[in-house]
Student: 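Handing you this structure, nothing more for now.
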Amino acid sequence: MTVEILGGENYITAVLCGELDHHTAAAAREIIDARLERGTPALCIIDMAGISFMDSSGIGLILGRKRVAEGYGGRVMIKNPSRCAEKVIKLSGLQSMVLTEKQEKSMKKEQKK
Amino acid sequence: MKTINSLKMTFPALSRNEAVIRSCVAAFAAQVDPTIEEISDIRSAVSEAVTNSIVHGYKDGAGEIAVTLKLTEDNCLYIKISDKGCGIEDVEKAMEPLFTTAPEGERAGLGFAVMEAFTDDLKVRSAVGKGTSVTMKKKISSRYE
């Protein structure tokens, strides 16, 4: 499991790659939280395209980051969940946190401004 | 139903073994050519059961997790994951979606919900102070019939 944080001040993307379970979620949590607490970005996007395995620990990770971000007025969204990630996200009822194509397009426009 | 293959394994209850155990179960299941979707479901369900044993069953210390696999003639995989941990006081309550006794550990309370949704049958037996065993059944589609 690797975590790469991209982006600038207001808007970051945490790119997760590999298997997300209880064991690997702990390290991912530390890395993302360190960045959230340092920069308090308004929007944190968790990119889940590279997730090759996920169980409910992934849901714990998403909800935990949501709690941290909302604590300072920020927001967390999910981007491109892989098939296995999407299945668990659907089961947990978190689909509303997944960015739609339309939202992504308008965000890209927003960034160009 | 006649058993055509079986496997018993034990592992120390370490979180690094979550990945090891689900991979072992997937390798055993591979002999009946499951679909990618079926393998993915099995891996997730196994991971939830193993994580429960580690996070809840053995919250007070080390222990062992036993995994028993059985494949029957009708292409059903039976997966039993048991621990000798603290046990569950109220199994029905523990199985309710979103119920968790470890929110500080960022557990979503969805372990049993995933096991239930991703397998065809789930049985949980538990005794306080003695341990918990989870038995799941997954029917593997026969693609060559």
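Predicted, not measured: the structure shown is a model, and the values here were computed from it. All chains are named by letter (A, B, ...) in the order of the sequence lines, taking the proteins before the strands, and each is independently numbered beginning at 1.
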Student: Specify which of B:D41, B:I54, B:V50 makes the most heavy-atom pairs with chain A at under 4.5 Å.
Tutor: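 When all of B:D41, B:I54, B:V50 are compared, B:D41 has the most.
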
Student: Do B:M9 and B:V134 sit in the same hydrophobic cluster, where Ile, Leu, Val, Met, Phe, Trp and Tyr count as joined when their side-chain heavy atoms come under 4.5 Å apart?
Tutor: yes

Student: Do A:L91 and B:V114 have side chains that get closer than 4.5 Å, going by heavy atoms?
Tutor: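 The answer is yes, as the side chains (C-beta and beyond) meet within the 4.5 Å cut-off.
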
Student: For A:E30, look at atom CD and say whether over 12 heavy atoms of other residues, nucleotides or ligands are found less than 6.0 Å away.
Tutor: no

Student: Within a radius of less than 6.0 Å around CD of A:E9, do more than 12 heavy atoms belonging to other residues, nucleotides or ligands occur?
Tutor: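 Not buried by this count: 12 neighbours or fewer within 6.0 Å.
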
Student: Quick check: closest heavy atoms across B:A19 and A:E19, and the distance to 0.1 Å?
Tutor: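 The pair with the smallest heavy-atom distance is CB-OE1, 4.2 Å.
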
Student: Is it the side chain or the backbone of B:V55 that comes within 4.5 Å of chain A heavy atoms, both, or neither?
Tutor: side chain

Student: Would you please say whether a donor-acceptor pair under 3.5 Å links the side chains of A:S57 and B:R107?
Tutor: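 Short answer, yes.
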
Student: Is there a path of hydrophobic side-chain contacts, each under 4.5 Å between heavy atoms of I, L, V, M, F, W or Y residues, that connects A:I89 with A:V15?
Tutor: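 No; tracing contacts between hydrophobic side chains, which count when under 4.5 Å, never links both residues.
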
Student: Are B:I39 and B:V20 co-members of a hydrophobic cluster defined by side-chain heavy atoms under 4.5 Å apart?
Tutor: no

Student: May I ask you to check whether B:E18 and A:H22 show a side-chain donor-acceptor distance below 3.5 Å?
Tutor: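 The criterion, which ignores hydrogens and geometry beyond distance, is satisfied for A:H22 and B:E18.
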
Student: What are the two closest non-hydrogen atoms of B:G111 and A:S56, and how far apart are they?
Tutor: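 Scanning both residues, the minimum pair turns out to be N-OG, 4.0 Å.
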
Student: Measure the shortest side-chain to side-chain distance between A:R83 and B:I36 over non-hydrogen atoms and say whether it is less than 4.5 angstrom.
Tutor: no

Student: Assess whether atom NZ of B:K139 is packed by more than 12 heavy atoms of other residues, nucleotides or ligands within 6.0 Å.
Tutor: yes

Student: Verify the neighbour count for atom CZ of B:R125: are there more than 12 heavy atoms of other residues, nucleotides or ligands below 6.0 Å?
Tutor: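 Check fails, neighbour count at 12 or below.
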
Student: Heavy atoms only: give me the nearest B:E106-A:L61 pair and the separation to one decimal.
Tutor: OE1-CA, 4.1 Å

Student: Less than 4.5 Å to any heavy atom of chain A: does that hold for the side chain of B:S47, its backbone, both, or neither?
Tutor: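 Interface part for B:S47: both.
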
Student: If you group Ile, Leu, Val, Met, Phe, Trp and Tyr by side-chain heavy-atom gaps below 4.5 Å, do A:L6 and A:L43 land in one group?
Tutor: no

Student: Is B:N17 close to chain A through its backbone or its side chain, or both, or neither, when contacts mean heavy atoms under 4.5 Å?
Tutor: neither

Student: Measuring only between side-chain heavy atoms, which start at C-beta, is B:S44 closer than 4.5 Å to A:M54?
Tutor: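 SC-SC contact between B:S44 and A:M54 ruled out.
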
Student: With a 4.5 Å cut-off on side-chain heavy-atom distances among I, L, V, M, F, W and Y, is there a chain of contacts connecting A:I62 to A:V68?
Tutor: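 Yes, because A:I62 and A:V68 connect within a single hydrophobic cluster, where side-chain heavy atoms sit under 4.5 Å apart.
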
Student: How long is the gap from CD on B:E48 to CG on A:D21, to the nearest 0.5 Å?
Tutor: 9.5 Å

